[in-house]
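Reviewing the structure listed below.
Keep in mind that the numbers below use all heavy atoms, side chains included, and drop hydrogens, waters and symmetry copies.
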Amino acid sequence: MRVSVIGCGHLGAPHAAAMAELGHEVIGVELDPDRCRALSAGTAPFYEADFEELLVRHTSSGRLRFTTDLAEAASFADLHFIAVGTPLREDGRGYDVTQVIGAVRSLVPLLRRPATIVGKSTVTVGTVARVQEVIDAGARVPGVDLVWNPEFLREGHAVQDSLFPDRIVAGLTSPRARAAIEEVYAQILDRGVALILTDPPTAEVIKSAANAFLTTKISFINAMAEVCEFVGADVNMVAHAIGLDKRIGPGGMRPGIGYGGGCLPKDVAAFTHRVGELGAQHAHGLLTAVESVNAGRSLAAVELIEKAHGGPISGRVALLGAAFKAGTSDVRDSPALRLAVRLTERGALPVIYDPEALAAARALHPEFTYADTAEQAVSGAELVVLATEWPELTADPKLPEAAAGLVRRRVLVDVRNAVEPGPWLAAGWEVWQLGRKPQRP
């Protein structure tokens with residue numbers, strides 16, 4: 001098919017590359033001219049695992065190109081994905097869907113033949129009805145159909161999740177739209193991936209419910225970490241044991257400093273506000289509790305760090321990690337940077353290293369001190385904090401020994417519970433993790 005992807009940020013750009021990988025001819029619309037030039041040259045403007053490889057492959061082949069001109073995309077494509085941003089409103093009361101409405105309002109009058117508009121941006125329940133009204137008012141030709149096809153991508157795995165999803169959800173507004181969805185995802189559906197066909201409001205709720213449940217699991221195991229600290233239990237063993245129950249499952253059950261990024265925090269906040277508006281009191285209470293637990297995790301991490309140090313820290317702390325999770329350079333609402341803020345407020349001097357997110361972190365927090373390598377970050381540090389679970393920080397067998405001679409005290413505080421303590425203990429380190437007893441050599 002000829003496909004356009006309107007909005008080429010963390011969602012749209014990997015999706016465009018994935019569509020090209022599936023064999024479609026793709027044009028991405030990106031209004032930022034600098035980003036558009038970078039994408040056109042095969043240069044990823046942010047880090048996302050496997051993204052740049054696909055970008056280079058398909059911009060070189062000509063299957064994928066980018067433009068700032070929406071009219072060019074309208075003329076070229078038969079199916080248009082809407083992947084623009086939906087930030088929280090300034091008052092925090094739901095999503096700002098201005099970009100979604102604006103993109104559709106601008107696109108529809110430019111269409112000169114039947115086409116399918118496919119929404120991927122995360123929106124509040126009821127938004128699809130507004131989008132349909134825009135299409136009905138602005139379409140100059142018959143046969144402009146709307147589908148709501150929410151994304152379920154994990155940042156750091158966006159390309160993988162686009163090509164190998166667990167399921168595809170499509171909220172249909174017409175019978176014709178089903179054929180377009182089945183065609184654009186044919187290669188995926190041929191592998192037996194489930195296609196959930198439903199109405200747009202249900203598709204909207206499926207997306208919000210999925211993210212709400214993921215955050216509930218994260219907050220639940222973090223609440224259990226707090227319980228384990230009170231009684232001296234091991235939260236990792238608790239997570240493992242309950243995860244073996246098929247009704248629960250192990251996914252998303254790693255205790256740590258909470259969820260972050262550009263999606264989960266705003267999605268849960270928007271959904272919490274919306275269910276409150278609807279009067280669903282029990283759902284609102286549950287989601288409010290999930291947010292409350294998450295908000296308290298950075299304080300729990302600071303308290304663990306100070307306990308490991310023996311009191312407040314006034315000196316240098318090596319903070320390994322700035323991205324909100326491994327696999328991406330995204331630092332939006334990063335738990336690692338929230339922790340850096342709290343440590344600074346307590347009088348510590350965090351020195352931050354991240355293998356992919358340093359530029360983004362510097363732009364967001366120029367007041368912090370940064371290091372170009374992990375070794376530079378740990379040099380002279382009072383202790384080391386693992387704040388993002390990058391494999392080079394958690395699984396490099398040489399790092400414990402290399403860092404041991406650079407720090408003032410061999411104390412590792414792993415606030416992601418991602419490190420296997422053995423190599424660190426063998427190198428003479430104390431290892432502190434949330435919800436577990438400290439381990440000493």
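For Phe51, the ring pair (Phe, Tyr, Trp, His ring centres under 6.0 Å) test picks out Phe46, with sequence neighbours left out. Every residue two or more places apart in sequence or in another chain that forms a salt bridge (Lys or Arg N to Asp or Glu O under 4.0 Å) with Glu151 is listed here: Lys207. Asp161 pairs by the salt bridge (Lys or Arg N to Asp or Glu O under 4.0 Å) definition with Arg154, not counting sequence neighbours. Applying the salt bridge (Lys or Arg N to Asp or Glu O under 4.0 Å) test to Glu155 and every residue at least two apart in sequence or in another chain returns Arg332. For Arg416, the salt bridge (Lys or Arg N to Asp or Glu O under 4.0 Å) partners at least two apart in sequence or on another chain are Glu389.
Residue pairs meeting the side chain to side chain donor-acceptor pair (under 3.5 Å) criterion with at least one member in residues 128-138, sequence neighbours excluded, are Gln132-Asp136. Sorted by first and then second residue, the pairs that involve residues 362-374 and meet salt bridge (Lys or Arg N to Asp or Glu O under 4.0 Å), not counting sequence neighbours, are Arg362-Asp372. Residue pairs meeting the side chain to side chain donor-acceptor pair (under 3.5 Å) criterion with at least one partner in residues 60-70, sequence neighbours excluded, are Arg65-Glu72, Thr67-Glu72. For residues 76-129, the pairs satisfying ring pair (Phe, Tyr, Trp, His ring centres under 6.0 Å) are His15-Phe81, with sequence neighbours left out. Residue pairs that meet the ring pair (Phe, Tyr, Trp, His ring centres under 6.0 Å) test with at least one member in residues 146-195, sequence neighbours left out, do not exist here.
We find that Arg113 and Asp78 are joined by a salt bridge, their nearest charged nitrogen and carboxylate oxygen being less than 4.0 Å apart.
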Can you list, pair by pair, the side-chain donor-acceptor contacts under 3.5 Å of residues 247-266, counting residues two or more places apart and other chains?
residue: Arg247; atom: NE; partner: Asp245; partner atom: OD1; Å: 3.0
residue: Arg247; atom: NE; partner: Asp245; partner atom: OD2; Å: 3.4
residue: Arg247; atom: NH2; partner: Asp245; partner atom: OD2; Å: 2.6
residue: Lys266; atom: NZ; partner: Thr86; partner atom: O; Å: 3.0
residue: Lys266; atom: NZ; partner: Thr86; partner atom: OG1; Å: 3.4

Donor-acceptor list for residues 392-400 side chains, cut-off 3.5 Å, not counting sequence neighbours:
residue: Glu392; atom: OE2; partner: Tyr353; partner atom: OH; Å: 2.9
residue: Thr394; atom: OG1; partner: Trp390; partner atom: O; Å: 3.3
residue: Asp396; atom: OD1; partner: Lys398; partner atom: N; Å: 2.9

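Here the shortest heavy-atom pairing between Thr173 and Pro200 reads CG2-CG, 3.6 Å.
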